[in-house]
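Sequence lines set the chain letters: A, B, ... in the order given, protein chains first and strands last, and positions in each chain run from 1.
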Amino acid sequence: MLTSNPSGMPFIGGRFARVDGPLKVTGRAEYSSDYNFPGLLYAVPVCATISTGKITHMDTSHAIKMPGVHEIFTRANIGPLQRVPKHNHGQMILDEHRPPLADDVIRYWGQYVAVVVADTFEQATAAARRVHVEYDAHTPDVRMAMTTGGKTDIDSHRGDTQTGFSTAPVKIDQTYSTPIETHNPIELHASVATWDGHNFTLYETTQSIMNHRRVMAAMLGVPVERMRIVMKFLGSGFGGKLWPWPHALLAAAAARNLERPIKLVVSRKMMFEDVGHRPNTQQRMRLGADHDGRLLSLQQDYLCSTAPNENNKEPCGEATPFLYSTPNLRVTGGLVRRDIAPSTAMRGPGAVPGLFAVESAMDELAVALDMDPVQLRQRNEPKIDESRNVPFSSRHMSECLSEGAKKFGWDKRNPKIGSMREGDTILGWGMASCAWMAARLPADVSVELHADNTARVLSATQDIGTGTYTVLAQLVAEYTGIPLDRITVDIGDSKLPPGPLSGGSMVTASVIPATKQAAEAALHQVMQAATQPGAAFAGTAMDELRVENGRVRRKGDAGNGRSLGSILADAHLDRVSGKGSSKSSSKDADADKLSFHSYGTHFVEVRWQPRIARLRVHRLVTMIDGGRIINERTARNQIEGAIVMGVGMALFEQTEYDARSGAPINSNLADYLVATHADQPALDVTFLDYPDYALNPLGARGVGEIGLAGVAPAIANAVYHATGVRVRQLPIRIEDLLQSRVSV
Amino acid sequence: MQAFQFMRANSIQHAIGAAAHASTAQQGASVRYVAGGTTLLDLMKLDVEYPQLVIDINRLPLGEVEHTATGLKIGALVRNADLAQHPVVKRDYPVLSEALLSGASGQLRNMATTSGNLLQRTRCMYFRDTAMACNKRQPGSGCAAIAGVNRMLAVLGTSEHCIATNPSDMNVALMALDASVVIHGLRGERQVPIGEFFVLPGGDPQRENVLEPGDLITHVLLPAPPAGTRSHYLKLRDRASYEFALASAAVAVQVVDGHIQHVRVALGGVGTRPWRSPEAEQALKGRAPNETAFTAAAEAALRDARPQSQNAFKIELARRCLRHALATATA
Ligand SMILES: Cc1cc2nc3c(=O)[nH]c(=O)nc-3n(C[C@H](O)[C@H](O)[C@H](O)COP(=O)(O)OP(=O)(O)OC[C@H]3O[C@@H](n4cnc5c(N)ncnc54)[C@H](O)[C@@H]3O)c2cc1C
Ligand code: SF4
């Protein structure tokens, strides 16, 4: 288990403060909407007030005359915006393919129908309200309950689930559902677009500057070389900022059309309407087991909603096929069309709602078997990934279970419902396991070493608030010995060497090999300079030198050696630059021979006060098997933040659609509830810290998402233990709990 | 938000004179006073309120709490945060302090004023969205909430035209404290008992209170509580803070010789106005303060409740809330 710094490497594994922290706490960090340019104008979209139908008439004549208004763009004058090519090898990802204002058809509430450009935000807002739009509206279908009918895909299949299930002596057959959840990063989506007649520079709120660049170039019809994307700081994204959304195109098109810089900041209400959400899911779980708790069959048949024109699937079976040992398993998934805006990835897509169903069903199975839920999971711990018949690269789920139970005090649990009390309060103890993918994306990184003994690392990746600036600085410090405060991290700009997107918890794992390679290449050049005739180590073979703490010395020499910078200065070199490039892990030689994932467990105590129907999550013990932890502070921050998000998912979060209009009606932060500080339980997070060397030289995986997976079912299971109410439909609400018969 | 004129009132008469020409002081008024602004600006940004003239009253001398022979005289501009921490309020009217502190957030309470809180508007989501039908915002357009998302809305005092909840915590406490509202208007000063200040929606939900054009609230008066009165505010909601009440209860109880002598019961989060319950008070008066009496009071308070499609649970929640508040106040 992770203690202080087990790696033996000075800059890897310890607790490092964020290198960008001072900028953030002093307000000097420039977020995308902070950029201002001379002549900048403000754009405010006009949003549809129907969910399905057609625009029959639009009158901008009053609005265009309002003070400060420069232009109102509609379908008639927005100018060319193209669809991305259908076959683009996954190079141009977006979840809403229709370019904004492409036609008069309305497919969801809040769809942009026009955009007003004015001198100030207030003027544009006032004028946007005065654009008069008439519609031919149809009745939208925004029902949350879903039935099949359409085609379903088989995501994973082994054995014969039909026989396995029907012949099992103990069975669970239940349906679980999760609502539409809306990402609510505090930073709103925003675009500041500039166009100089040839080149676009777009300041965007994006988790993927490189994908953003390709998509925007294609849709605006310019070569990628003439498209630059900048994103220096993100006020979080949670997946909602992975792919470009229509507002970015409106801003860029307006900048092009007016030849003025344009700022467009999406409102909180539009955050619920126009920039994606996690779709609702409905999952039928069928589990069959023998009396000893061995799983004989596991079936997960899920449905999720999708927009009329998109096929965005929430892959609820993400973690199911390899989580447990069972001879018979089948996961199927289907899409159900609703008149709701396109959905998108949200932290832990698929696995997070999927594990709510799987881990709730496992708890129900434990109850049916009268077996401890930890023991049930231990009993079904697989030796290999049975879905692909390959070993795991590194899996310590069993330790997550046993150590988590120990830390939590699980052995004191009385399984009887409502039996654990403190005065008027009933304690509920529940647990769940979780898993999340591990992989690397292609990454290019450059490392420069400068004559003033500083270093710079460059890559067109981005820090979405998770700590990428800090981790890159640590890697360079580790490989060069240059201290953290002498390292500049240059990311968040598409003109840098192409780096990975920030999604799937993959950035850290992805940049390690390329950064190592780049640092070594740069050091190699320093060595060359050092061993040149007339240089400090002239005549010494390069392999007789070593670099330690930013200094070069002869192996075996006790002396001080020479600093990297002074060697460059002697050679009249201002800097050297090394390049590193690494491929996607799917191209690794052993990619097909191993199964890469992270694992974990959550143990939860909820407190239920039946007299006042008050439920609070009191404490959590979480174990994470996420490979080698590079920075204990930023990693803990990810897991703890994710757990708090999980409290919200379990108890509060739900985007509600008005049945008649199809509008997401609780589209603000007072009515869409997320966890507050006061809702935060006591958290106790432990990293097992087993390096996974098959993934990269440091053995790091990723911890951005796994912390959310499994929290909601662990809470639901604890709620059942306290109240006897099994809630299969998130969020768990007071109205559900009022049915509890447990009294004090 | 639409463009508007802004002026600063330098006296009470100045304010009243400037506001008096409006045709209504209710929804859609063309003149609005602004105190803390936390309700008004919010609604103006949503275009739910669109005054042509906004009168800043923050410089008026209405920011003091005076302890008088008959009780407490609270200036309209006393901030919620200050009122909640006022030593006399904490000592003699804990229900008010607790109610204020359970509302909104620290930042909002620093801005929010006594008169602004009194007049805060419903959080009905359809009221706040100009694309939706809403009789309160646009008389005669219908009520989208009745067949829509209505979990947060009222079960008491509703009509077929409007089911919006009065969301204030403070108002519920004021009901239990027999407060009255001091209003200065064109025809001078008047005092309105809090129980008569708010009106039921009936067929006219755009009218929420008795204010007429020009009327300026200057003070809220609290009579001295009967000796030995204990009061308490309990608020129940989904999350632990920063949320309006699903159900709340303000109670003030004086127990003499083991029997309830004086009692005030008011409920929040369930009524179209802050909901005083004479029925519950009747059920408690003269009784010993015990579970049986509390249960009878809770039954009586909710007897006339009429649930909507999503909020039937509030009836049971309000009952539990009231029972527990009474038990706590008399413990
Ligand atoms: C996110 C959020 C959460 C909240 N949560 C809660 C909560 O949990 N519980 C709760 O009780 N409240 C809550 N509130 C509401 C808050 O308490 C009110 O917004 C606040 O009390 C209003 O006071 P103000 O001074 O800012 O009012 P203003 O916005 O200045 O005024 C409100 C109205 O009163 C009128 N007015 C003000 N003063 C006078 C006067 N002297 N005479 C005549 N008319 C006057 C104004 O014209 C306006 O129409 C919340 C608000 C927000 C924004
Ligand atoms: S409940 Fe009242 S405020 Fe809400 S929509 Fe109906 S009329 Fe409007």
Given that the side chain runs from C-beta out, which part of [X] has a heavy atom under 4.5 Å from chain B: side chain, backbone, both or neither?
X        : answer
A:Arg611 : both
A:Leu651 : neither
A:Val674 : both

Rounded to the nearest 0.5 Å, how far apart are [atom1] of [X] and [atom2] of [Y]?
X        : Y        : atom1 : atom2 : answer
A:Ile665 : B:Cys124 : CD1   : SG    : 8.0 Å
A:Asn666 : B:Asp129 : CG    : CG    : 11.5 Å
B:Arg128 : A:Ser667 : CZ    : OG    : 9.5 Å

I'd like to verify something: which residue of [options] has the highest number of heavy-atom pairs under 4.5 Å with chain A?
options                      : value
B:Ala147, B:Cys321, B:Gly148 : B:Ala147
B:Val149, B:Leu234, B:Asp238 : B:Asp238
B:Arg323, B:Met125, B:Met1   : B:Met125

Tell me, for [X] versus chain A, whether the close heavy atoms (under 4.5 Å) come from the side chain, the backbone, both or neither.
X        : result
B:Lys45  : backbone
B:Met152 : neither
B:Ala325 : neither

message: Determine whether B:Arg123 and A:Asn668 satisfy the following criterion, side chain to side chain contact (heavy atoms under 4.5 Å, CB included), listing intermediate values before the conclusion.
response: CA-CA 11 Å; B:Arg123 293 292 310 192; A:Asn668 63 76; 3.6 Å; yes
Taking C-beta and beyond as the side chain, do [X] and [Y] meet within less than 4.5 Å on heavy atoms?
X        : Y        : result
B:Leu317 : A:Glu735 : no
B:Asp47  : A:Arg129 : yes
A:Leu738 : B:Arg320 : yes

query: Does A:Glu656 come within less than 4.0 Å of B:Arg151, counting only side-chain N to carboxylate O?
result: no
- prompt: When you check the side-chain N and O atoms of A:Arg130 and B:Gln2, is any donor under 3.5 Å from an acceptor?
  reply: yes
With a 4.5 Å cut-off on heavy-atom pairs, point out which of [options] contacts chain B the most.
options                      : answer
A:Leu673, A:Thr125, A:Thr49  : A:Leu673
A:Lys269, A:His677, A:Met66  : A:Lys269
A:Arg616, A:Gln123, A:Glu122 : A:Arg616

message: Using a 6.0 Å cut-off, check whether atom CZ of A:Arg421 has over 12 heavy atoms from anything other than its own residue.
response: yes
Over 12 foreign heavy atoms within 6.0 Å of CD, A:Glu134: yes
task: Look at the side chain of A:Asp679 and the backbone N and O of B:Arg239, then say whether any donor-acceptor pair between them is shorter than 3.5 Å.
output: no
- prompt: Any residues in residues 725-732 of chain A near chain B, with a heavy-atom distance under 4.5 Å, and which are they?
  reply: none
field: Closest non-hydrogen atom pair between A:Ser661 and B:Met132, with its separation
entry: OG-CE, 3.4 Å
